[in-house]
Number of protein chains: 2
Amino acid sequence: MKATPAERTKGVCSPPSIPLPAVRVDASVEILKALADPTRLQMVGVLKRASEPVCICDFTAAFALSQPTISHHVGKLREAGLVEVTKSGIWAYYRLARNLDVRTRAVLDALV
Amino acid sequence: MKATPAERTKGVCSPPSIPLPAVRVDASVEILKALADPTRLQMVGVLKRASEPVCICDFTAAFALSQPTISHHVGKLREAGLVEVTKSGIWAYYRLARNLDVRTRAVLDALV
DNA sequence: GCTATCTATTGATGACCGTCAATGGAACGG
DNA sequence: CCGTTCCATTGACGGTCATCAATAGATAGC
């Protein structure tokens, strides 16, 4: 009925522990989902290296995707709070958000 | 026909630059997608803090999800190379992979 | 006003994901 | 053997996502 290779008992082996607060997990998941796409990760890489805000038209030229798809991706990044947009005339310029928290910045430094 | 707020010309404003190698982007995206789920991120947090491999039955007890769903999530983590499994008798014990590369470890240190 | 350019939005479509119930497979105890 | 426990797999279902074509909004120059 039971087998104890170490000192395990019934169904639950060791007391379950959930160390991370749910609100923090949700925040991290939102960032991770925003970054978990090749195009968006490349975009963040470009923005992280750019010394000035980058025009959307640069992305449409660089990424072999339709213009609505490009707009969709930068919108996702903006919803996640990763980028900021400033509009000047016809153009829309994007840059990395300047108030990224420490953990998000660490993720970006590690990956892009 | 054209408007030049700075020194932009026609459609393409500045020469496009794709700094990150595609192979590295794909590898990063695989890690990000594996982590971009609340349950899996919590699992990784538990494993990161655990001093010994954790039994699947602990996860089924901790996460209010069906056992197939738990198995599905740890399978995703294993496919991404984030965790390793060692089976002992009836039980399956999971731990963090011991050969995680530097960038992946930095992401885990930042988030979980 | 009219036209051209850049960007965002809408609608549609095909693919993928998270979840569960049901089943299968393996190992242990009697 | 046989029943039990643990884990993985399959099949199905609803939801989300990435993508594009088409359209709309906004701005600048004529």
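Below, read A as the first sequence line, B as the second, and so on, with proteins coming before strands; counting in each chain starts at 1. The model shown is predicted, which means the values in this text are computed figures rather than measured ones.
The shortest distance between side-chain heavy atoms of A:V74 and A:R78 does not fall below 4.5 Å. Using a 4.5 Å heavy-atom threshold, the side chains of B:C57 and B:W91 count as touching.
Atom CD1 of A:I90 is separated from atom C1' of C:dA8 by 13 Å (rounded to the nearest Å). In this structure, CD1 of A:I70 is placed 14 Å from C1' of C:dC6, rounded to the nearest angstrom. When the P atom of D:dA8 is taken as reference, atom CH2 of B:W91 falls 14 Å away, rounded to whole Å. Regarding A:L77, its CG atom lies at a distance of 12 Å from the P atom of C:dA8, rounded to whole Å. Rounded to whole Å, atom P of D:dT16 lies 13 Å from atom CD of A:E79. Between the P atom of D:dA8 and the NZ atom of B:K87 lies a distance of 5 Å, rounded to the nearest Å. The nearest whole Å value for the distance from the CD1 atom in A:I56 to the P atom in D:dA26 is 18 Å. Between B:H72 atom NE2 and C:dA21 atom C1' there is a gap of 16 Å when expressed in whole angstrom units.
A:H73 comes within 4.0 angstrom of sugar-phosphate atoms only, judged by non-hydrogen atoms across all strands, and of no base. Looking at heavy-atom distances under 4.0 Å, A:F59 makes no contact with the nucleic acid at all. Contact annotation for A:L65: backbone-only contact, meaning every heavy-atom pair under 4.0 Å involves sugar-phosphate atoms and none involves a base. Using a 4.0 Å heavy-atom distance criterion, A:K76 is classed as a sugar-phosphate-only contact.
Evaluation of the salt bridge (charged side-chain N to carboxylate O under 4.0 Å, His left out) test over residues 84-94 of chain A, restricted to residues two or more places apart or in two chains, returns A:E84-A:R95, A:E84-A:R98.
The side chain of A:T69 contributes no N or O atom lying less than 4.0 Å from OP1 or OP2 of D:dT19. Distances shorter than 4.0 Å separate some side-chain N or O of A:Y94 from OP1 or OP2 on C:dA8.
Nearest-nucleotide assignment on DNA chain D puts the 5′-proximal partner with B:R78, out of B:R78 and A:S66. Where A:A92 and B:T39 meet DNA chain C, the nucleotide closest to each residue was compared, and A:A92 sits on the side nearer the 5' end.
Using a 4.0 Å cut-off between charged nitrogen and carboxylate oxygen, A:D109 and A:K48 count as a salt-bridge pair.
The one candidate from A:L65, A:L47, A:T69 that meets the side chain to side chain contact (heavy atoms under 4.5 Å, CB included) condition with A:F59 is A:L47.
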